[in-house]
Amino acid sequence: MENELIQILPAGSNRSERQLQPLAPAHEILFNDAATKQPFFKGKTFYIETFGCQMNVHDSEKVAGTLLAKGYRPVENYEDADLVLYNTCSIREKAAQKVFSRLGAFKKGARNRQRIIGVLGCVAQQEGERFFDRAPQVQLVCGSASYSRISELIDRLEAGEKRVTGLSLDTDECFETEITRRDNPFRAYITIIEGCDKACTYCVVPMTRGPERSRPSDKVLAEARRLVDAGYTEIQLLGQTVNSYRDPSLARLAFPELLLRIAEIPGLKRLRFTTSHPHDFTSEIVRAIENSPVLCNHIHLPLQCGSNRMLARMRRTYTREEYLEKISCIRSAKRAMSISTDIIVGFCGETEEDFEQTLSLIDAVGYDQVFSFKYSPRPNTDAGRMEDSVPEEEKGRRLITLQERQRQIQLSRNQELIGQEFEVLVEGFQSKLGQAIGRTTSNRIINFAGEAGWIGQYMNVRVTAAGPNSLVGVRAESG
Ligand code: SAH
Ligand code: SF4
Ligand code: F3S
């Protein structure tokens, strides 16, 4: 299944990579203030390619908006661009390498036009000034905490400066833009919390995205209203630890209150949020979902590992038992919820017994989806200084074992849905098969005979067959 971007996904799989499409339909530009403004193109062009999680995807939408406001026009091919930007991900070694292979296209001699090449995001922040030594063709290095300076940095390059950086993490600002170029016609993202204050020993994010900063609730609510006014029926709130949200405004809305306030906006059909950290996951969040049908019945709750010994070494701040308590709270909700997770196999010192604990936990929970990764040591992390003791081959074996076990779990969970009816949002159409691709609020995909014209509509579908990754259905008469 091509399960697109439902969580804070690390890069490394095609699924998590998006290349922003050139500007076309009107829904792709959303002006954050006066709806009357139109971009004025001055003839300069830009290309932006994004790796990594949805937070990066949405940052790129905002950077693209900032460039539109400057009079730049988007192009589909980097060769046609005056400004080429790569928004990078550093979550694992393979992800971090991607930008260097892209930059190979601009080695000396290969350059056939004057252009500015910039790197943004987590590798940019991690490498800093060193980036210029590794890739002399790069002129701009800017991390996500400095995007509010991106316009000024480009101005300085246009004025003749050779190299500019935005690398400060010392900011309590969130990246607010006048224009956001949204490239998903169904789901609009809103980042409500930037950075991360947790300190998981394997993870680069606190170093690459800086300390936690929450966005004032009035700004979040105003943006949500504008999005609904512009025709979006689904909103996804983003944050590396979205449920650690702490409203800096006087309203002091707690996260579940913020969810309910957004869900009340007339016209909004679906509200999602990701990623929740188990430590800050409360029963109030479950109550909020129970109380509002707009809140989607899907929770992404990364586990990472089922063994307490490993969880402590990862510094995840919860035990297997505490995690399972959160799961039973979710399972006791009045509405059935789907649960997905992230798991790392082969972390430093992970024994076969530790791994067995992960397997027994996935059996106990019965996840609807699992994103699993081989542990990859990262620079400047505490785990990076520990012994990476599990051989690569063994990591691979554990990954396959885990994925196979989860495939069986998903298959049997999905088969239980045969005969049931669900509302889906039609997000795509496969013309070869004549099939519409719908998504349920629980984030399942149902394929059913349909028409291209149904894209964007909500309709009821009855499940007729089930595989591990998707369902097949027919449009229900009631829908
Ligand atoms: N903030 C989220 C995770 C963001 S990164 C959370 O706390 O759950 C997305 C996923 O990438 C993580 O959940 C983890 O499973 C994986 N990941 C992070 N660092 C990794 C590393 N060094 N090696 C392998 N996988 C990693
Ligand atoms: Fe990384 Fe942990 Fe923060 Fe998630 S909570 S971004 S895994 S440090
Ligand atoms: Fe990657 Fe940075 Fe996101 S490391 S997963 S792009 S926060």
Which atom pairs, one a donor and one an acceptor, fall under 3.5 Å between side chains of residues 143-150 and the rest of the protein, sequence neighbours left out?
from   : atom 1 : to     : atom 2 : distance (Å)
Ser146 : OG     : Gly166 : O      : 3.4
Ser146 : OG     : Ser168 : N      : 3.4
Ser146 : OG     : Ser168 : O      : 3.2
Tyr147 : OH     : Asn87  : OD1    : 3.3
Tyr147 : OH     : Gly121 : N      : 2.9
Ser148 : OG     : Glu173 : OE1    : 2.6
Arg149 : NE     : Glu152 : OE1    : 3.4
Arg149 : NH2    : Glu152 : OE2    : 3.4

Measure the spacing between [atom1] of [X] and [atom2] of [Y] and express it to the nearest 0.5 Å.
X      : Y      : atom1 : atom2 : result
Arg226 : Ile190 : CZ    : CD1   : 8.5 Å
Thr201 : Arg316 : OG1   : CZ    : 10.0 Å
Thr440 : Leu425 : OG1   : CG    : 10.5 Å
Gln369 : Gln406 : CD    : CD    : 8.5 Å
Ser276 : Leu301 : OG    : CG    : 6.5 Å
Ile455 : Gln457 : CD1   : CD    : 10.0 Å

Residue pairs passing the salt bridge (charged side-chain N to carboxylate O under 4.0 Å, His left out) test where at least one lies in [range], sequence neighbours excluded:
range            : result
residues 231-256 : Arg187-Glu234, Glu212-Arg246, Glu234-Arg272
residues 379-390 : Arg315-Asp382, Asp382-Arg385, Asp388-Lys395
residues 159-168 : Arg156-Glu161

Which residues share a ring-ring contact (aromatic ring centres under 6.0 Å, His included) with Phe347, sequence neighbours left out
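With neighbours one apart ignored, the set is Tyr375.
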
Looking at residues at least two apart in the chain, or sitting in another chain, which of them share a ring-ring contact (aromatic ring centres under 6.0 Å, His included) with Tyr245?
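Not a single residue meets the ring-ring contact (aromatic ring centres under 6.0 Å, His included) criterion with Tyr245.
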
So does [Y] get a backbone contact from the side chain of [X], meaning a donor-acceptor N/O pair under 3.5 Å?
X      : Y      : result
Gln236 : Thr274 : no
Glu257 : Ala254 : yes
Asn443 : His298 : no
Thr88  : Val123 : yes
Asn56  : Phe51  : yes
Thr45  : Asp80  : yes
Tyr86  : Lys98  : no
Asn447 : Gln435 : no
Arg181 : Leu68  : no
Thr191 : Leu238 : no

Side chain to side chain contact (heavy atoms under 4.5 Å, CB included) assessment of Leu303 paired with Asp342
CA-CA 6 Å; Leu303 164 71; Asp342 293 348; over 6 Å; no

List the steps and the verdict of salt bridge (charged side-chain N to carboxylate O under 4.0 Å, His left out) for Asp59 and Arg209.
CA-CA 12 Å; Asp59 282 343; Arg209 299 190 79 98; 2.5 Å; yes

Decide yes or no on salt bridge (charged side-chain N to carboxylate O under 4.0 Å, His left out) for Glu176 and Lys62, but give the supporting numbers first.
CA-CA 8 Å; Glu176 303 278 347; Lys62 293 198 266 184; over 6 Å; no

Measure across [X] and [Y] and return the closest heavy-atom pair with its distance rounded to 0.1 Å.
X      : Y      : answer
Ala436 : Val426 : CB-CG1, 4.0 Å
Leu167 : Ala124 : CD2-O, 3.7 Å
Ser60  : Ile48  : OG-CD1, 3.7 Å
Leu295 : Phe273 : CD2-CE2, 4.4 Å
Tyr367 : Thr341 : CE2-CB, 3.4 Å

Would you please classify the geometry between the Phe46 ring and the Tyr72 ring as parallel, tilted or perpendicular, with 30° and 60° separating the classes?
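Rings of Tyr72 and Phe46: perpendicular, as their planes differ by over 60°.
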
Under 6.0 Å between the ring centres of Phe255 and Phe281?
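Ring centroids of Phe255 and Phe281 are no less than 6.0 Å from each other.
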
Ring-ring centroid check Phe106 Tyr78, cutoff 6.0 Å:
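Yes, the ring of Phe106 comes within the 6.0 Å limit of the ring of Tyr78, centre to centre.
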
Just so I know, are the side chains of [X] and [Y] near enough to count as touching, which here means a heavy-atom distance under 4.5 Å?
X      : Y      : answer
Met314 : Cys200 : no
Thr66  : Glu178 : no
Ile289 : Val286 : no

Do Leu85 and Leu67 pass the side chain to side chain contact (heavy atoms under 4.5 Å, CB included) test, and can you show the C-alpha distance, the side-chain angles, and the key distance before you say yes or no?
CA-CA 11 Å; Leu85 295 174; Leu67 295 171; 3.9 Å; yes

Test side chain to side chain contact (heavy atoms under 4.5 Å, CB included) on Arg261 and Leu253 and set out the steps.
CA-CA 9 Å; Arg261 291 284 296 278; Leu253 290 189; 3.9 Å; yes

State plainly whether the residues Glu423 and Lys269 are in salt-bridge range, i.e. N to O under 4.0 Å.
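Salt bridge between Glu423 and Lys269, a charged N being under 4.0 Å from a carboxylate O: yes.
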
Tell me, with the steps shown, if Arg287 and Glu284 meet salt bridge (charged side-chain N to carboxylate O under 4.0 Å, His left out).
CA-CA 5 Å; Arg287 299 290 91 81; Glu284 284 77 29; over 6 Å; no

Determine, step by step, whether Glu350 and Arg313 satisfy the salt bridge (charged side-chain N to carboxylate O under 4.0 Å, His left out) criterion, reporting the C-alpha distance in whole Å, the side-chain angles of both residues, the deciding distance to 0.1 Å, and the verdict.
CA-CA 10 Å; Glu350 186 187 73; Arg313 187 172 278 197; over 6 Å; no

Would you mind telling me which of Pro379, Cys122, Cys203 makes a side-chain contact (heavy atoms from CB on, under 4.5 Å) with Ser90?
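So the option named by the test is Cys122.
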
Test log, rule side-chain hydrogen bond (donor to acceptor under 3.5 Å, both in side chains), inputs His300 and Ser340
CA-CA 5 Å; His300 184 66; Ser340 56; 2.8 Å; yes

What verdict does the side chain to side chain contact (heavy atoms under 4.5 Å, CB included) test give for Val57 and Asn184, after you've listed the backbone C-alpha separation in whole Å, the side-chain angles of each residue and the deciding distance to 0.1 Å?
CA-CA 10 Å; Val57 169; Asn184 184 323; over 6 Å; no

Do we get Arg378 above Tyr202's six-membered ring, with its NZ or CZ under 6.0 Å from the centre and within 45° of the axis?
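Judged by the rule, Arg378 and Tyr202 form no cation-pi pair.
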
